Amino acid sequence: MEDERRIRMDDGEGSEADGATAIVLRFGDVEVPAHLNGTETARAFADRLPVTVDVSGTGVDFCGRMPFSLPYDEAQVHDGWTNGDLNYNPRGDWLAVLFGGEEGSAAYDDRVTMGAVDGPLSVLEQLEGAFALRIEAVA
């Protein structure tokens with residue numbers, strides 16, 4: 001699945017390093033390093049940073065409705081995810097920070113991959129409950 005993730009992350013916008021934006025996800029006192037890819041959706045999201053999204057843990061992700069919509073290329077909408085993905089759901093303006101459930105994720109559609117977590121996913125697995133997730137660009 002790593003090859004599929006690389007394709008979804010790249011989507012013709014250059015390599016992951018080209019156009020990538022380093023970000024930090026702040027779940028209260030817990031900081032998780034991540035990056036946004038070079039897609040139109042991720043660039044539009046980066047332009048809005050910093051942003052706070054109210055998210056709740058589901059056991060496989062932290063998910064919440066964003067306070068705005070993002071542009072996206074229909075060709076980049078796909079089913080499923082790779083654990084560690086940062087996904088945007090354009091149908092409902094949802095943000096998902098995914099850390100589990102990859103093996104059964106093909107049943108979930110309407111996903112645009114905006115980036116990925118750079119640190120160990122075990123940090124996310126240990127968090128529980130709801131958070132005012134603060135997402136900031138790293139200077």
Side-chain angles (χ1 to χ4, degrees):
M1 188 122 194
E2 183 63 31
D3 288 339
E4 289 178 33
R5 178 176 178 189
R6 181 163 303 283
I7 291 166
R8 287 194 314 230
M9 291 287 294
D10 182 9
D11 282 329
E13 298 287 340
S15 73
E16 287 182 48
D18 296 339
T21 301
I23 60 172
V24 63
L25 309 173
R26 297 183 193 281
F27 294 86
D29 294 337
V30 176
E31 294 184 3
V32 178
H35 67 275
L36 298 172
N37 59 32
T39 62
E40 172 187 21
T41 305
R43 289 191 313 265
F45 186 67
D47 288 345
R48 299 268 197 150
L49 297 178
V51 67
T52 301
V53 179
D54 292 327
V55 299
S56 295
T58 68
V60 299
D61 72 354
F62 283 93
C63 185
R65 188 177 299 264
M66 295 202 304
F68 49 80
S69 296
L70 293 171
Y72 64 96
D73 181 342
E74 189 64 42
Q76 294 173 332
V77 178
H78 57 82
D79 298 342
W81 62 80
T82 299
N83 292 343
D85 279 354
L86 302 177
N87 281 353
Y88 173 63
N89 176 294
R91 190 169 44 214
D93 295 324
W94 293 92
L95 172 73
V97 180
L98 295 138
F99 57 85
E102 175 181 332
E103 60 282 349
S105 70
Y108 298 89
D109 64 352
D110 205 28
R111 308 272 167 179
V112 176
T113 303
M114 296 195 307
V117 171
D118 293 329
L121 299 181
S122 59
V123 172
L124 294 171
E125 293 167 355
Q126 294 173 11
L127 296 174
E128 294 180 348
F131 295 89
L133 171 60
R134 180 79 170 168
I135 305 166
E136 301 172 354
V138 175

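Numbering of residues begins at 1 and proceeds along the displayed sequence. Quick caveat, the model's predicted, so the values are computed rather than measured.
- Checked against M66 for a side-chain contact (heavy atoms from CB on, under 4.5 Å), the options L95, T52, N89 give a single hit: L95.
- Under the 4.5 Å side-chain criterion, counting only non-hydrogen atoms from C-beta, V51 is in contact with P67.
- From S105, atom OG reaches atom CG of N83 across 7.5 Å, with rounding to the nearest 0.5 Å.
- L121 is connected to V32 through a chain of hydrophobic side-chain contacts under 4.5 Å among Ile, Leu, Val, Met, Phe, Trp and Tyr, so both are in one cluster.
- When all heavy atoms of R111 and A96 are compared, the closest pair comes out as NH1-CB, 4.2 Å.
- N37 has its side chain out of reach of T21: every pair of non-hydrogen atoms, C-beta onward, lies at least 4.5 Å apart.
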Item to check | Step-by-step side chain to side chain contact (heavy atoms under 4.5 Å, CB included) determination, M114 to L70 | outcome: CA-CA 11 Å; M114 296 195 307; L70 293 171; 3.8 Å; yes

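- Proximity of a side-chain donor or acceptor of R26 to a complementary backbone N or O of R134 within less than 3.5 Å is not detected.
- A single hydrophobic cluster is not seen to contain both L86 and V24; linkage of ILVMFWY side chains at heavy-atom distances under 4.5 Å, directly or through other members, places them apart.
- A heavy-atom distance below 4.5 Å is found between the side chains of H78 and T113.
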Item to check | Test side chain to side chain contact (heavy atoms under 4.5 Å, CB included) applied to T82 and E102, step by step | outcome: CA-CA 5 Å; T82 299; E102 175 181 332; 3.7 Å; yes

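- Put simply, the side chain of D109 reaches to within 4.5 Å of the side chain of R91, judged on heavy atoms.
- The hydrophobic cluster containing V138 does not contain F45, counting ILVMFWY residues as joined when their side-chain heavy atoms lie under 4.5 angstrom apart, directly or transitively.
- Within the structure, every pair that satisfies the ring-ring contact (aromatic ring centres under 6.0 Å, His included) test and touches residues 113-139, not counting sequence neighbours, is listed here: F27-F131, F62-F131.
- Pairs passing the side chain to side chain donor-acceptor pair (under 3.5 Å) check and including a residue from residues 114-126, sequence neighbours excluded, read H35-D118.
- Among residue pairs with one or both ends in residues 44-62, none qualify as salt bridge (charged side-chain N to carboxylate O under 4.0 Å, His left out); sequence neighbours excluded.
- At a cut-off of 3.5 Å, with distance as the only test, a side-chain donor of D93 or Y88 sits close to an acceptor on the other residue.
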Checklist entry - Under the side chain to side chain contact (heavy atoms under 4.5 Å, CB included) criterion, do D73 and T39 qualify, and how do the steps go? => result CA-CA 9 Å; D73 181 342; T39 62; over 6 Å; no

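- The backbone N or O of L98 lies less than 3.5 Å from no partner atom in the side chain of N87, so there is not a single donor-acceptor pair.
- Put simply, the side chain of W81 gets close to the backbone of G100: a donor and an acceptor are under 3.5 Å apart.
- Under the 4.5 Å side-chain heavy-atom criterion for Ile, Leu, Val, Met, Phe, Trp and Tyr, I135 and F68 are members of the same hydrophobic cluster.
- Each of V55, L124, L133, V30 was scored for a side-chain contact (heavy atoms from CB on, under 4.5 Å) with L25, with one residue passing: L133.
- Between P71 and T41, the closest heavy-atom pair is O-OG1, 2.7 Å.
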